[in-house]
Amino acid sequence: MSGPGGGKIRTATLVKRKSVGEKIVADTAYDVAFARLADRAGVDVLLVGDTLGMVVQGQATTLPVTVDEIAYHCRAVARGAARAHVVADLPFMSYQASIEDGVRAAGRLMKEGAAESVKLEGGEEVADLVRRLVTIGIPVMGHVGMTPQSVHQFGGFKVQGRTEPQAKRILGGARALAEAGAYSIVLEHMPAALAEEITRAVPVPTIGIGAGLHCDGQVLVMHDLLGLDPSFTPRFVRRYAELGREAERAFAAYAADVRAGRFPGPGESST
Ligand code: KIV
């Protein structure tokens, strides 16, 4: 059966990438304009991450983000994603209390947000939910390591997996996710050697952020890779543009032109 979006990247496409050794390119997106640009540039996966709470809303953590907010941003991103696979994050407390909660929240993101899969944080503790979602036709991306929804448990956004018990728990969690049917797993903020071990241990692609070169793909927060916040310079980010500085310069030039009566000029008004 052929349907809309014939050129779309599917979960099966992403899984196959691992066997052929082709890297997966992912970044976050929160609106149609940047989704279109990333999609045209050939980004494979657009993640409507709950980082939107931090980079779009200006909150200190991802915890306040709601299912309604993810659905709203995801709908916009989906309109700009002709080719890229669109993943919606299940926000904090939309799935932790019960499997039923998780199923309903994931269903809403697929139905109202036009997501093509959902992502959730955690290992063994969410494996039953992953199994249930996959059984009812909702593809799931897992997320282990420094899972930001547990920031208060971790005492900050700190690298996880440096100690033997932590590393064992993260590896066990990744295995449990793959066994439960997750089609890929985000590995966040962990030693590169652990990410490499997990990547070898699971049959599905790993997508790293602050987890070294040996993952099957990489993901970055859009604002970080574009330099939208010039003051945020963590070690794991490579900035491919300085759009923050450029935008500030453009706003200042516009303000100066308006104040000096240089804008609008001849030809820049309606006749
Ligand atoms: O919410 C998000 O943007 C994420 C990425 C950092 C992987 O989970």
Side-chain angles (χ1 to χ4, degrees), residues 14 23-31 34-35 38 43-67 69-74 76-77 81 84-96 105-106 109 113 115 117-123 126 130 139-151 154 156-161 170 173-174 177 182-190 195 198-199 204-212 215-226 228-229 232 234-239:
L14 299 170
K23 296 273 191 188
I24 294 168
V25 182
D27 74 33
T28 64
Y30 314 98
D31 66 25
F34 281 104
V43 170
D44 300 312
V45 177
L46 293 176
L47 168 65
V48 184
D50 58 5
T51 40
L52 77 85
M54 300 174 78
V55 299
V56 177
Q57 299 173 344
Q59 318 222 48
T61 72
T62 60
L63 271 57
V65 174
T66 66
V67 173
E69 288 165 348
I70 298 278
Y72 171 88
H73 286 274
C74 196
V77 167
H85 180 75
V86 177
V87 188
D89 237 352
L90 278 164
F92 180 58
M93 287 319 294
S94 67
Y95 62 97
Q96 283 91 345
L109 295 180
S117 66
V118 298
K119 177 170 82 58
L120 47 70
E121 298 183 7
V126 293
V130 171
V140 181
M141 177 182 278
H143 185 164
V144 296
M146 200 291 288
T147 44
Q149 291 174 15
S150 302
V151 60
F154 298 149
F157 297 105
K158 294 178 180 159
V159 174
Q160 298 295 305
I170 294 170
L177 290 168
Y183 72 88
S184 72
I185 305 171
V186 169
L187 308 182
E188 179 161 359
H189 266 61
M190 65 179 67
I198 295 172
T199 300
V204 295
T206 59
I207 302 182
I209 173 163
C215 300
D216 299 304
Q218 298 290 327
V219 59
L220 278 177
V221 170
M222 181 199 101
H223 288 55
D224 300 345
L225 89 91
L226 296 179
L228 281 167
D229 177 0
F232 187 64
R235 176 192 158 110
F236 65 90
V237 167
R238 185 179 295 174
R239 290 233 290 253

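Indexing begins at 1, ligand by ligand and atom by atom, following the structure's order.
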What is the closest protein heavy atom to [atom], and at what distance does it sit?
atom: atom 8 (O) of ligand 1; answer: Lys119 NZ, 3.0 Å
atom: atom 6 (C) of ligand 1; answer: Ile209 CD1, 3.8 Å
atom: atom 5 (C) of ligand 1; answer: Leu47 CD2, 3.7 Å

Element-labelled atoms of ligand 1 that are located less than 4.0 Å from some non-hydrogen atom of [X]:
X: Gly49; answer: 1 (O), 2 (C), 3 (O)
X: His143; answer: 8 (O)
X: Thr28; answer: 3 (O)

- request: Please assess Gln149 against Gln96 for the test side-chain contact (heavy atoms from CB on, under 4.5 Å), listing each intermediate value before the final yes or no.
  value: CA-CA 11 Å; Gln149 291 174 15; Gln96 283 91 345; 3.0 Å; yes
task: Tell me, yes or no, whether the heavy-atom count around Tyr72 atom OH, taken from other residues, nucleotides or ligands under 6.0 Å, exceeds 12.
output: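 Not more than 12 within 6.0 Å, no.
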query: Is there a side-chain contact (heavy atoms from CB on, under 4.5 Å) between Leu14 and Ile207 once you walk through the steps?
result: CA-CA 10 Å; Leu14 299 170; Ile207 302 182; over 6 Å; no
Partner of Thr51 under side-chain contact (heavy atoms from CB on, under 4.5 Å), chosen from Asp224, Asp89, Val221, Val56: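 Result for side-chain contact (heavy atoms from CB on, under 4.5 Å) with Thr51: Val221.
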- prompt: So which bit of Thr51 gets within less than 4.0 Å of ligand 1, heavy atoms only: side chain, backbone, both or neither?
  reply: both
field: is_close_aromatic(His189, Phe157), centroid dist under 6.0 Å
entry: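 Here the rings of Phe157 and His189 have centres that are no less than 6.0 Å from each other.
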- request: Using distance alone, decide if ligand 1 has a nitrogen or oxygen within less than 3.5 Å of any nitrogen or oxygen in Asp89.
  value: yes
- prompt: Rounded to the nearest 0.5 Å, how far does OG1 of Thr28 lie from CZ of Phe34?
  reply: 10.5 Å
